[in-house]
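In this chain, numbering begins with 1 at the start of the sequence shown.
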Amino acid sequence: MSEVAKLLSREDILNVKDIVTKTVSVPDWGGSVIVKGLTGAQRNVFEQSLIKGQGKSAKMNLDNAMAKLVALTIVDADGKRLFSQADIEALGQKSGKALAQVYTVASELSGLTEDDVEELTKN
């Protein structure tokens with residue numbers, strides 16, 4: 001016998017707390033950070049930052065891609081971002097291994113996959 005799924009109302013959807021966080025140990029930085037999944041709007045901003053140009057001249061811009069996502073997703077205990085857009089260059093100079101650890105978790109929490117990045121390049 002199959003179970004019937006609850007039909008969600010507008011209020012159900014808007015009131016659900018669906019943005020998750022995860023504490024990630026980053027030994028190269030000497031501690032842990034809190035990584036928060038992106039909202040839909042933040043994910044759009046991140047994805048747009050990976051595209052340079054428009055139309056047929058659009059090209060993939062992976063400059064500091066890891067640092068861009070890390071800046072958007074590391075938060076303090078109150079859920080406020082630790083880094084701003086102005087910090088991306090400096091973050092890009094940090095350990096690639098450490099950035100990759102945080103980037104991997106941030107991607108996972110935000111539903112980003114390698115296929116998504118490939119799809120951006122095609123479109």
Side-chain angles (χ1 to χ4, degrees):
M1 188 187 276
S2 68
E3 187 176 314
V4 177
K6 174 186 174 189
L7 291 178
L8 299 171
S9 69
R10 174 185 179 277
E11 290 74 24
D12 290 335
I13 295 167
L14 293 178
N15 290 324
V16 71
K17 304 293 184 216
D18 60 352
I19 307 299
V20 295
T21 61
K22 183 175 184 177
T23 301
V24 179
S25 175
V26 187
D28 288 356
W29 291 347
S32 298
V33 296
I34 300 171
V35 180
K36 184 176 182 179
L38 296 175
T39 65
Q42 289 171 324
R43 181 175 163 163
N44 289 340
V45 167
F46 173 70
E47 289 176 340
Q48 285 298 314
S49 77
L50 300 179
I51 301 170
K52 188 183 258 180
Q54 293 181 333
K56 292 185 180 194
S57 66
K59 302 247 186 282
M60 199 64 173
N61 175 21
L62 294 178
D63 293 344
N64 272 333
M66 285 195 299
K68 289 174 185 177
L69 187 59
V70 167
L72 285 169
T73 58
I74 292 183
V75 297
D76 65 16
D78 294 324
K80 293 188 169 89
R81 283 179 55 189
L82 289 184
F83 300 102
S84 70
Q85 291 298 108
D87 295 318
I88 291 171
E89 291 297 320
L91 274 173
Q93 299 304 309
K94 302 310 294 173
S95 159
K97 178 181 168 188
L99 287 171
Q101 285 178 284
V102 176
Y103 179 89
T104 298
V105 173
S107 296
E108 187 178 293
L109 295 178
S110 303
L112 291 166
T113 65
E114 286 184 31
D115 291 343
D116 294 327
V117 174
E118 284 180 27
E119 188 67 28
L120 285 171
T121 17
K122 290 178 188 172
N123 295 331

Are [X] and [Y] grouped together when hydrophobic residues (ILVMFWY) are joined by side-chain heavy atoms under 4.5 angstrom apart?
X      : Y      : value
Val102 : Leu69  : yes
Ile74  : Ile88  : no
Val70  : Val26  : yes
Leu112 : Leu109 : yes

For the residue pair [X] and [Y], what are the closest heavy atoms and their distance?
X      : Y      : value
Gln101 : Pro27  : NE2-CD, 3.9 Å
Ala77  : Ile34  : CA-CD1, 3.9 Å
Lys94  : Leu99  : O-CD1, 3.8 Å
Ala65  : Tyr103 : O-CE1, 4.1 Å
Ser25  : Ser32  : CA-OG, 3.6 Å

Note, [X] side chain near [Y] side chain (heavy atom, < 4.5 Å):
X     : Y      : value
Leu62 : Leu50  : yes
Thr73 : Phe46  : no
Gln42 : Ser110 : no
Glu89 : Asn64  : yes
Leu82 : Val33  : no

Quiz item: If you measure from NZ on Lys59 to CD1 on Ile51, what distance do you get to the nearest 0.5 Å?
Solution: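 The NZ atom of Lys59 sits 12.5 Å away from the CD1 atom of Ile51.
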Quiz item: Hey, what do you get for CG (Leu72) to OG (Ser84), rounding to the nearest 0.5 Å?
Solution: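 Reported to 0.5 Å precision, the distance equals 10.5 Å.
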Please tabulate, for the side chains in residues 15-24, all donor-acceptor contacts under 3.5 angstrom to protein atoms that are two or more places apart in sequence or on a different chain.
from: Asn15; atom 1: ND2; to: Glu11; atom 2: O; distance (Å): 3.0

Self-check item: N/O donor-acceptor pair under 3.5 Å between Asp12 side chain and Ser9 backbone
Solution: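 At least one qualifying donor-acceptor pair exists.
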Quiz item: Would a distance-only check, ignoring hydrogens and angles, find a side-chain to backbone donor-acceptor pair under 3.5 Å from Asp78 to Lys80?
Solution: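 No, the answer is negative, given that no donor and acceptor are paired below the 3.5 Å cut-off.
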